[in-house]
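We count ligands from 1, going down the list as the structure has it; atoms in each ligand are counted the same way.
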Amino acid sequence: MRRVAVLGSTGSIGRTALRVIARQRGLYTLSAITAHSNAALLAEQESAWHPAFVGLVAPGEGGARGGWQTGEGALVDAATRDDVDIVVNAVVGVAGMDATLAALEAGKRVALANKETLVVAGELAAEAGSRGGGEIVPVDSEHSAILQCLAARRPSDVRRLVITASGGPFREWPAERIAAATRSDALRHPTWSMGSKITVDSATLANKALEVIEAHFLFGLPYDRIEVVVHPQSIVHSMVEFVDGSVLAQLGVPSMEVPILYALTHPERVDDAGTPRFDPVNAPPLTFEPVRTDVFPALGLGVEAGRRGGIAPAVFNAANEVAVARFLRGEIPFGGIAAAIERALSTVHGPGGADRESLMDADRRARKVVSEIR
Ligand code: NDP
Ligand code: MG
């Protein structure tokens, strides 16, 4: 029996993870759950699962139940418990970073949905894993696909990774219309149902930039061997081209249940009759097209930040987090998100090194730049 902590259990990935674990009760038990402020759903989950640990980072007016741990330390405490083998990190944003690092340091498997961790602190995560013996297995569908296609091959066997992107709701929109897109336009994702931050990231393609950086750190490939292609049906989850010209892809209907389950079981597979089946005959035709990089500048800005390294990915991520939150509050237009990222990347500079302190300082400075944009 492997014991699981789900950080961000009240979110889209967190709730899906509980559904997956519920179908595998013979193999996995739930030891810990955490939320940010959704005390009502957290209480429902506690009543259904009776985990040993329940954490609520920011209890609002409803407060927390007796026995719950509250405050920022709840994530790290959940992630490092002795009765936890696997930490599903489904927190959104850099808020999930310390829990990932602490879990790796404590020798846990981290089933990582919280891609912001790797973008901001890819090197620190690698160091924490080698010191503590922990490992990251990606939940992100593209990276799960690549992991499965790689099947433990060395980077030298790989010519390039091809990450697929749905293209988001504005794939075919003209540039002027995209610049003025509304909140509800951006939240209408064509193929995936997800939390609001990643849904907006999918509309700007900032999500693909985060994923390119995530892939760089997970699989150890340089940026010029990681490409992005638009695939509107979201059925081919990504591809690996090997040096002999062979290309492997992983397919399936768009559902996060499969990559979440695989992150728990890797490198094994378990029987799960509950995951949605793929029927090639009834599937839509699979199409691929280039990214309109001029219309979605956030992708290029993010990949460039990845190439620069040091604090640049942390600046990109923090600027994007604040810009998306401001867009969702109606304070800046959709086109303002990429503009804010660009502003932060051109103003926040710092040392090439990437220790935790420099990264968090860069994160703070980028947040300030973007929150002051009028
Ligand atoms: P949601 O917004 O649906 O859920 C976020 C979860 O994190 C909630 O449980 C929320 O708690 C909690 N949370 C939010 N802020 C904090 C904080 N500051 N401290 C502690 N906990 C916090 O997001 P998603 O589930 O969509 O995404 C989670 C992560 O997974 C993101 O990094 C995203 O990029 C990644 N991902 C998501 C996919 C998807 O299909 N949704 C696919 C691939 C990756 P509360 O409910 O109390 O607010
Ligand atoms: Mg993804």
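What sits closest to atom 48 (O) of ligand 1 on the protein, heavy atoms only, is His36 CB, 3.7 Å. Nearest protein heavy-atom contact of atom 43 (C) of ligand 1 is Asp140 OD1, 3.1 Å. Among protein heavy atoms, the minimum distance from atom 3 (O) of ligand 1 is reached at Ser12 N, 2.9 Å. Looking from atom 4 (O) of ligand 1 to the surrounding protein, the closest heavy atom is Gly11 CA, 3.1 Å. Taking atom 41 (N) of ligand 1 as the reference point, the nearest protein heavy-atom neighbour is Met194 CB, 3.3 Å. Looking only at heavy atoms of the protein, atom 32 (O) of ligand 1 is closest to Glu116 OE1, 2.7 Å. For atom 26 (O) of ligand 1, the nearest protein heavy atom (residue, atom name, distance) is Gly195 N, 2.8 Å. Here the protein heavy atom with the shortest distance to atom 9 (O) of ligand 1 is Thr10 OG1, 2.7 Å.
Gln233 and Thr287 form a side-chain donor-acceptor contact under 3.5 Å, judged by distance and modelled atom types alone. No hydrogens or angles considered: a donor-acceptor pair under 3.5 Å links the side chains of Gln148 and Arg269. Side chain to side chain, Asp185 and Thr182 meet the donor-acceptor criterion of an N or O pair below 3.5 Å. Side-chain atoms of His143 and Glu214 form a donor-acceptor pair, as typed in the model, at a separation below 3.5 Å. In the model, Thr275 has no side-chain atom that pairs as donor or acceptor with a side-chain atom of Glu257 under 3.5 Å.
A salt bridge (charged side-chain N to carboxylate O under 4.0 Å, His left out) with Glu241 is found for exactly one of Arg225, Arg160, Arg153, namely Arg160. Each of Leu359, Val119, Thr117 was checked for a side-chain contact (heavy atoms from CB on, under 4.5 Å) with Asn317, and the lone residue meeting it is Val119. Of the residues His237, Lys208, Met239, the one that meets the side-chain contact (heavy atoms from CB on, under 4.5 Å) test with Ile163 is Lys208.
Interface of Lys115 with ligand 1, defined as ligand atoms under 4.0 Å from a residue heavy atom, comprises 32 (O), 34 (O), 44 (C). Of all the atoms in ligand 1, the ones that sit under 4.0 Å from a non-hydrogen atom of Asn114 are 32 (O).
Neither the backbone nor the side chain of Lys197 has a heavy atom within less than 4.0 Å of ligand 1. By the criterion of a heavy-atom distance under 4.0 Å, the side chain of Met256, and not its backbone, is placed next to ligand 1.
When the Mg ion (ligand 2) is compared with the N/O/S atoms of Glu142, atom OE1 turns out nearest.
When Ile198, Ile13, Val91, Leu75 are checked for heavy-atom proximity to atom 29 (C) of ligand 1, Val91 turns out nearest. Of the candidates Val57, Asn38, Leu56, Val57 brings a heavy atom nearest to atom 20 (C) of ligand 1. When the options Ala90, Gly96, Ala95 are ranked by their closest heavy atom to atom 28 (C) of ligand 1, first place goes to Ala90.
If you put the vertex on the Mg ion (ligand 2), OD1 of Asp140 and OE2 of Glu211 sit 100° apart, to the nearest 10°.
No side-chain heavy atom of Thr34 sits less than 4.5 Å from a side-chain heavy atom of Val54.
Checked against a 6.0 Å centroid threshold, the rings of Phe296 and Phe170 do not count as neighbours.
In summary, Arg3 and Asp83 do not engage in a salt bridge, as defined by a charged side-chain N under 4.0 Å from a carboxylate O.
Taking distance alone, with nitrogen or oxygen atoms compared against 3.5 Å, Ser141 stays at or beyond that limit from ligand 1.
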